[in-house]
Amino acid sequence: MLYIGIDLGTSAVKLLLMDGEGKIQKIVSREYPLYFPHPGWSEQKPEDWYEQTMEGIKELIAQADKSQVAGISFGGQMHGLVILDSEDRVIRPALLWNDGRTYEECDYLNNVIGKEKLSEYTANISFTGFTAPKILWVKNKEPENFARIAKIMLPKDYIAYKLTGVNCTDVSDASGMLLMDVKNRCWSKEMCEICGIKEEMLPKLYESYECVGTVTGKIAAELGIPETVKVAAGAGDNAAAAVGTGTVGDGMCNISLGTSGTIFISSKNFGVDKYNALHAFAHADGHYHLMGCMLSAASCNKWWMEDIVGTDEYAKEQQGIEKLGENHVYFLPYLMGERSPHNNPNARGTFIGMTMDTTRADMTQAVLEGVAFALRDSFEVAKSLGIQIERTKICGGGAKSPLWKKMIANILNLKVDVIESEEGPALGGAMLAAVACGEYANVEEAAAKIVKIIDTVEPEPELVAKYEERYQQFKQIYPVCKPLFDVIK
């Protein structure tokens, strides 16, 4: 049988066709616009997602035996707010995960409602990217739109709704809304009251691997697939990427170097750090995970290479970087503000330590190291909870750089396992569809049979020691700069 994984990203939708043995048959990608109507705002049109997804599926299965398509599932950009009226019309463009307009609403939630209450209700505190503050923003700034809301959903769930007619979401993606009681895997009545919404506006909660329904007759006819094709709930992009890299079960770790960067630690037990520096979310495997998320990771390197240096030859720029652990230049990678562990939308990207003999290579090295140091900030929080991690998987565009992988191995002192397929969320989505269809008994079995490690980057004791000294210096920079970030606007 064949399974379709849909990774609804920020810049494009990536679609993947996988057979029952886990072999990838074809991959298709289709882009759509991103809108910035005001500085710090970030929006997309859900209609664009649906149009490009449908066209992408048609291209994906054009040469395949369509009768063999058995299931569809998703990985999707998290936290975005999609609102529909009683006629199922999209009320306004979706507010995305990297939209920073909700600072007033976050301040209200964290400091008036209180972080302790939020953590009690949802296991998390408010970040500007989360969905609940977006709902409050619409309530406060666009009351006419708020009054029309009949359905609230997340980006990938809009696609699921269009395919099946079922208003559904999964527990991993819903964990990032600040509306779900993560520990008990249900909606928080208290958060619904705080946001002024009714629970019936929210989608029905499913585990990521559960079937929510089958495609409608209209969709089946348009795509040329059977009406029996099952649609599984899917997962938020990071949880789906974790499935696609085999980061399931207890004590597994995955680092994603995409537009944003994450360190993702799976656990069979629920846990929250006392400062809520890490997100405590439900996982797509039926258990839980901790996640540190930085807003700018590989995007820092893209900005530095293309906008500042003026080249797209990333590998060539990295060739001259040899003296690891000895760089005197540091870079704070907070180009979009920061989430984990600082939760500061005012944080900014910062170079420090330049002298007259600083080279372009030094600054390129500082950008790569700065992202790795920032990932370690979140890793240190996990270690403070007594979590012992010795190795990690790695995925995302940045994972293609051998140099960056070597830095991460030595800065975090972890063995870095490189997997055969770096398709992350799209592969995870296809795997969840396969589990929903009974191809595999559970997510862990699917991961064990499909995900293959092809290389491991080992930390080097001498380099680990050098980077330990550099990290101790790096972590002193943000606290010193923080008061400046609050006044430099």
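What you see is a predicted model; the values in this text were computed from it and never measured.
Electrostatic pairing of Arg30 and Glu51 does not count as a salt bridge here, judged by no charged N lying under 4.0 Å from a carboxylate O. The pair Glu120-Lys183 fails the salt-bridge criterion, with no side-chain N (NZ, NE, NH1 or NH2) lying under 4.0 Å from an Asp/Glu carboxylate O. The existence of a salt bridge linking Glu87 and Arg89 is excluded, since no basic side-chain nitrogen approaches an acidic carboxylate oxygen closer than 4.0 Å.
Within 6.0 Å of the CZ atom in Phe270, the count of heavy atoms belonging to other residues, nucleotides or ligands exceeds 12. Within 6.0 Å of NZ in Lys218 there are 12 or fewer heavy atoms belonging to other residues, nucleotides or ligands. Residue Lys26 qualifies as enclosed at atom NZ: its count of foreign heavy atoms under 6.0 Å is above 12.
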Begin from the C-alpha positions of Lys449 and Glu444 and carry the test side-chain contact (heavy atoms from CB on, under 4.5 Å) through to its verdict. CA-CA 9 Å; Lys449 292 189 176 179; Glu444 290 182 47; over 6 Å; no
Apply the test salt bridge (charged side-chain N to carboxylate O under 4.0 Å, His left out) to residues Lys393 and Asp417: give CA-CA distance (whole Å), side-chain angles for both, the deciding distance (0.1 Å), then the verdict. CA-CA 5 Å; Lys393 308 280 181 49; Asp417 292 325; 5.9 Å; no
Could you give me the CA-CA distance, side-chain angles and deciding distance for Lys23 and Glu21, then say whether salt bridge (charged side-chain N to carboxylate O under 4.0 Å, His left out) is met? CA-CA 6 Å; Lys23 293 187 178 69; Glu21 294 181 350; 2.8 Å; yes
For Lys151 and Asp88, run salt bridge (charged side-chain N to carboxylate O under 4.0 Å, His left out): C-alpha distance rounded to whole Å, both residues' side-chain angles, the deciding distance at 0.1 Å, then the answer. CA-CA 8 Å; Lys151 293 184 179 72; Asp88 281 351; 3.0 Å; yes
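Counted by atom type alone, Glu55 and Tyr50 present zero donor-acceptor pairs between their side chains at under 3.5 Å. Side-chain N/O atoms of Asn140 and Glu105 include a donor and acceptor closer than 3.5 Å. Side-chain polar atoms of Asp65 and Ser67 form a donor-acceptor pair below 3.5 angstrom. Donor-acceptor pairing under 3.5 Å is recorded for the side chains of Asp170 and Ser208. Residues Ser126 and Asn110 have side chains that never bring a donor and an acceptor to within less than 3.5 angstrom of each other. Side-chain atoms of Asp181 and Ser188 include no donor-acceptor pair closer than 3.5 Å.
Aromatic pair His342/Tyr334: ring centres closer than 6.0 Å. Taking the ring centroids of Phe130 and His79, they lie under the 6.0 Å cut-off.
Residues Arg185 and Leu205 form no side-chain contact, since every pair of their non-hydrogen atoms from C-beta on lies 4.5 Å or further apart.
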